[in-house]
Structure formats: C-alpha cells, structure tokens
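Whatever order the structure lists them in is the order used to number ligands and atoms, beginning at 1.
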Amino acid sequence: MNPYYRRARFLSSAARLHQAPPDHGFEVAFAGRSNAGKSSALNALCDQRALAKTSKTPGRTRLLNFFVLDHQRRLVDLPGYGFAKVPEGTRREGQSLMEGYLSQRHSLQGLMLVMDCRHPLVEFDRQMLEWNAHHQLPTRILLTKSDKLKRGAASATLLRVRRELSRYGDMVSVQLFSSLKKLGIDDAHAQLDGWLRLGEEA
Ligand code: GDP
C-alpha cells in the first residue's frame, strides 16, 4: 500500500466548470455507472473509510468532486451515470458538465473507469470509451467487486473485456479490482503514479 494516497482530502465540489480548482498540475478522474463501486474504489485506493462519502451526500451526486493529494495533484469523482430516477433535464446537465470537464481540463491525465465485473461494458461504458479514444484520454478500467466471482470466472471476464477492447491499443488497459478484499490496489496505484507523475519533479 503506497501511503502517499492516504493524504487525499476533499477540496471542493463544482456544479459548473468555472467552479473547479485552478487547472494546473495533474488530475485523474473516476467515472462509472452508479453502484458500480466507484466510491468504494476511491476509498480503498486512498485507504480511507469515508473519503468519497462526500460525493454521495444528497445534492453532491451530480457535481464534480475534487480531492487534493498535494498542491499539484488531484483525484476527481465524476457524477455516476445511469440514475434511473433523475429527470431528463438534470441528466443532460450532468452529462454536459462531465463532457465539458473531460474535453476542456488540461490537467486531466487519465480516467479510471469503474465497472462491476459481473456487468462490464454497459452502453454508457462503451460510449465513454469511444469518447475517450476520440479525445485521446488514457483510460484504466477497474473491474471491481472481483471478490464476487470465482477466480476462473474473474480471469475469463478480464480476458474477454481485454479482447473486446483491443482495438483501442495502449489507450485502454483493464485490471481486476476489489475494494472489499483490497485486490488490484498496487496495480491501480502504479497507473495513478504514472499519470500523476509521482516520483518526478512536478
Ligand atoms: P458507487 O455508486 O459506484 O460509488 O458504488 P459504491 O462504492 O457505493 O458501491 C455500491 C455497492 O457495492 C455498495 O453496497 C458496496 O458495498 C458494494 N461494493 C463496492 N465495491 C465492492 C467490492 O469490491 N466487493 C464487494 N463485494 N462489494 C462492493
């Protein structure tokens, strides 16, 4: 466990792009269908119980939530997609906020796309991957809740998803993850370290 990520602290929420913190340094965003396990993954990666709880408080679920690691580095929790009960207008607003963020944010280095390993590559996941490829945004897929599958089934899912996404080449990578069993943490940290230029002078 890399202790560096333990220092993550909630910084601010943004309902509009101009409310985001200054766009310098390095940022990695987390996206995924609601209930996929995004908050749990953020908490597990930062070794904190309730870090991403902030993003779940009513009124904050449609916002961009920023967590600071140091003066140059941040993690960003994007609105979970697929809320059945959200009215169309609100859903569109959330989507345009996310699209604006993803297309305009200079400090954004990569995206962690969280999927429940039992239901990977839902329609919106696929749209997101197409969009990322178009914008050349490197993406790591976390196939989380891997503790819910037997080892053989988890490996088979990993291979299937990898094979399906091979057309994206190096832009998209895939790994198994479990927040509950703390599996895949080192692998995900290594990806974060690279995107956040940890170990390099920022
Ligand atoms: P979010 O809506 O994407 O932020 O999802 P949450 O992190 O709130 O997780 C949704 C549900 O899945 C919760 O009941 C979590 O306890 C559960 N969950 C999340 N990650 C894991 C995991 O790695 N293993 C298992 N077994 N359950 C998980």
Side-chain angles (χ1 to χ4, degrees), residues 1-2 5-6 8-15 27-67 74-87 90-91 93-95 97-98 101-102 110-129 131-132 139-158 160-161 173-192:
M1 178 71 186
N2 181 344
Y5 292 95
R6 282 194 192 129
R9 295 287 175 268
F10 175 69
L11 176 67
S12 60
S13 299
E27 243 167 47
V28 174
F30 285 69
R33 184 159 77 144
S34 49
N35 224 34
K38 178 163 58 77
S39 310
S40 305
L42 260 164
N43 288 340
L45 288 167
C46 297
D47 199 22
Q48 297 183 35
R49 281 165 158 277
L51 183 73
K53 194 184 70 176
T54 337
S55 324
K56 295 221 138 189
T57 44
R60 285 226 168 110
T61 51
R62 311 309 302 161
L63 307 178
L64 308 173
N65 292 291
F66 292 85
F67 300 90
R74 293 169 300 279
L75 302 178
V76 188
D77 195 1
L78 300 180
Y81 43 80
F83 277 107
K85 294 200 190 85
V86 171
T90 316
R91 197 182 58 75
E93 251 171 51
Q95 195 163 330
L97 175 65
M98 192 149 95
Y101 169 81
L102 291 171
L111 186 89
M112 287 282 184
L113 185 52
V114 180
M115 301 179 193
D116 185 325
C117 67
R118 296 164 302 172
H119 322 281
L121 297 173
V122 297
E123 178 60 24
F124 207 103
D125 295 333
R126 291 178 188 277
Q127 284 175 22
M128 189 95 195
L129 285 164
W131 200 92
N132 292 354
T139 303
R140 165 66 58 96
I141 295 176
L142 299 182
L143 293 173
T144 193
K145 309 194 194 181
S146 66
D147 56 280
K148 296 228 184 207
L149 293 178
K150 294 215 172 81
R151 189 126 54 123
S155 312
T157 303
L158 178 65
R160 178 169 66 80
V161 172
S173 58
V174 192
Q175 67 161 102
L176 291 171
F177 194 84
S178 165
S179 305
L180 187 73
K181 299 282 185 199
K182 305 278 186 282
L183 296 173
I185 303 263
D186 289 346
D187 203 0
H189 276 164
Q191 177 67 86
L192 288 174

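For ligand 1, none of its N or O atoms has an N or O atom of Ala41 under 3.5 Å away. Among the atoms of Asn35, some N or O lies under 3.5 angstrom from an N or O of ligand 1. Among the atoms of Ala36, some N or O lies under 3.5 angstrom from an N or O of ligand 1.
When hydrogens are left out, the protein atom nearest atom 23 (O) of ligand 1 is Ser179 N, 2.8 Å; that is the closest non-hydrogen contact. When hydrogens are left out, the protein atom nearest atom 16 (O) of ligand 1 is Ser40 OG, 4.6 Å; that is the closest non-hydrogen contact. Atom 21 (C) of ligand 1 has as its closest protein heavy atom Lys145 CG, 3.5 Å. When only non-hydrogen protein atoms are considered, atom 8 (O) of ligand 1 lies nearest to Lys56 NZ, 2.8 Å.
Taking 4.0 Å as the cut-off, Ser34 counts as a neighbour of ligand 1 on heavy-atom distance. Assignment of Gly80 to the shell around ligand 1 is not supported, since no heavy atom sits closer than 4.0 Å.
Between Leu149 and Cys117, some side-chain heavy-atom pair lies under the 4.5 Å cut-off. Put simply, the side chain of Pro120 does not reach to within 4.5 Å of the side chain of Asp125, judged on heavy atoms. A heavy-atom distance below 4.5 Å is not found between the side chains of Cys46 and Arg6.
The residue among Asp116, Leu142, Asp147 with a heavy atom at the shortest distance from atom 22 (C) of ligand 1 is Asp147.
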Criterion side-chain contact (heavy atoms from CB on, under 4.5 Å) on Leu113 and Leu142, from CA distance to verdict: CA-CA 6 Å; Leu113 185 52; Leu142 299 182; over 6 Å; no

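Of the possible donor and acceptor atoms, one in the side chain of Gln175 sits under 3.5 Å from a partner among the backbone N and O of Gly184. Side chain of Arg62 to backbone of Gly80: a donor-acceptor contact under 3.5 angstrom is found.
Contact annotation: for Lys148 versus ligand 1, heavy atoms closer than 4.0 Å belong to the side chain alone. For Thr144, every heavy-atom contact with ligand 1 shorter than 4.0 Å involves the side chain, none the backbone.
Other residues, nucleotides and ligands place more than 12 heavy atoms under 6.0 Å from the CZ atom of Arg140. Counting heavy-atom neighbours within 6.0 Å of Lys181 NZ, excluding the residue itself, gives a total of 12 or less.
Nearest heavy atoms, Ala50 versus Asn43: C-OD1, 3.8 Å.
Near Leu180, meaning under 4.0 Å from one of its heavy atoms, ligand 1 places the atoms 22 (C), 23 (O), 24 (N), 26 (N). The distance from ligand 1 to the heavy atoms of Gly37 drops below 4.0 Å at these ligand atoms: 1 (P), 3 (O), 5 (O), 6 (P), 7 (O), 9 (O), 19 (C).
For atom 3 (O) of ligand 1, the nearest protein heavy atom is under 4.0 Å away. Checking atom 13 (C) of ligand 1 against the protein gives no heavy-atom contact under 4.0 Å.
Residue Asp116 forms a salt bridge (charged side-chain N to carboxylate O under 4.0 Å, His left out) with just one option from Lys148, Arg33, Lys145, and that option is Lys145.
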